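Remember, it's a predicted structure, so these values are computed and weren't measured experimentally.
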Amino acid sequence: MDQNLSLYRIFYTVANTQNISKAASELFISQPAISKSLRKLEENLNLSLFIRNSRGVTLTSEGKTLYTYVSQAFDALQTGEEKLRQIQELGIGHIRIGVSSTLCKFTLLPYLEDFIKTHPHIRITIECQSTSHTLSLLRENKIDLGLIGRPESLLHLHFDSLGEIEDIFVATGTYLSNLTLRSADGNADIFKNATLMLLDKGNITRQYIDDYLVLNHIETGNVLEISTMDLLIEFAKISLGVACVIKQFVQNELSSGELLEIPLEYPIRKREIGFAYPRQAGQSGAVQKFIDFCLRDKP
């Protein structure tokens, strides 16, 4: 559209009122200015839009055709403005979050539960997949936020930390006692003799633990790969083996004694988790509200 939008506003108002004087009053501009704008629009389009007479103006057939599209455009603008007012008044919006199933259940869910109580009109979309996939979706601008462990290199991402998590090995007292009984000297090497339960290869947490084992020259025997953190915890609770889990997610089991933390000669370094999002992309009001909400209690 090459024409100035104000010319179409004047055309639209004159067509509705069918009177230049009324249109001038409605738009708070002079009648000569109205007439000049209409002539300019007609010259630009190289056709007549109105038939002038003593009673006012009426649209030509070409003017009626143009009015159909102009009225649709102004109706769309009015609808857009009303939608924006509604978004502002009700807090309507949409947040797309990428997160692993583990962090979704144990970290994201508690935040969401409280957030939607105060922002019930914001729509939430959650993509549950691996951290590497979440990072890909962020690069492709297919999600707004990624709840992930802090990557070694942030590159194009901004990262707001929610705190640290700690990987530990746990088992039941029963399993550890039976493991000792099976040992010839009564002093079982946990990693060599136990059924060691780890997340599947390809998982960021599994890669982190594999690096830890290699770095500290720890040899393993029977490794059982499990698809989710939930199952790791449940299998540990039925004495199936020693599970590598996130300490913050088994606090109840540790407090009750249902699971025991196995002391390590070389402690596993804690990891940061938080929200990652593109540095250059402007966040919507809904996304910024959610980030601020989750970070509100942090110092």
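- Atom OG in S35 sits 4.0 Å away from atom CD1 in I20 (nearest 0.5 Å).
- Sorted by first then second residue, the ring-ring contact (aromatic ring centres under 6.0 Å, His included) pairs that include residues 15-67, not counting sequence neighbours, are F11-F50, Y12-Y67.
- With a 6.0 Å radius and a threshold of 12 heavy atoms from other residues, nucleotides or ligands, R52 has its CZ atom above the threshold.
- Using modelled atom types, no side-chain atom of R206 and backbone atom of D200 make a donor-acceptor pair closer than 3.5 Å.
- Side-chain contact of R139 with S136: a donor-acceptor pair under 3.5 Å is present, judged by distance alone.
- You'll find the side chain of V99 stays beyond 4.5 Å of the side chain of F275, heavy atoms only.
- Taking the six-membered ring for Trp and the full ring otherwise, the centers of F290 and Y111 sit at least 6.0 Å from each other.
- C244 approaches D167 most closely through the heavy-atom pair SG-CB, 4.4 Å.
- When side chains are defined from C-beta on, L41 does not count as touching I10, because their heavy atoms never get closer than 4.5 Å.
- For the pair K237 and L259, the minimum side-chain heavy-atom distance is below 4.5 Å.
- Remark: D160 engages no residue in a salt bridge (Lys or Arg N to Asp or Glu O under 4.0 Å) (not counting sequence neighbours).
- Residue K247 forms a side-chain contact (heavy atoms from CB on, under 4.5 Å) with just one option from I165, L254, I268, and that option is L254.
- Of all heavy-atom pairs spanning L295 and S161, the tightest one is CD2-O, 3.6 Å.
- Annotation: side chain of T118 is not in contact with side chain of D114 (no heavy-atom distance under 4.5 Å).
- Among L47, T60, L49, L59, the single residue meeting the side-chain contact (heavy atoms from CB on, under 4.5 Å) criterion with L66 is L49.
- Taking the six-membered ring where the residue is Trp, F249 and F106 present parallel rings, their angle staying beneath 30° rather than reaching 60°.
- No more than 12 heavy atoms of other residues, nucleotides or ligands lie within 6.0 Å of CD in E219, so this atom counts as exposed by the packing criterion.
- Side-chain atoms of R150 and R271, non-hydrogen and from C-beta on, never get closer than 4.5 Å to each other.
- Among residues at least two apart or in separate chains, there is no ring-ring contact (aromatic ring centres under 6.0 Å, His included) pair with a member in residues 193-240.
- Between R96 and the options I126, I124, N141, L137, a side-chain contact (heavy atoms from CB on, under 4.5 Å) holds for only N141.
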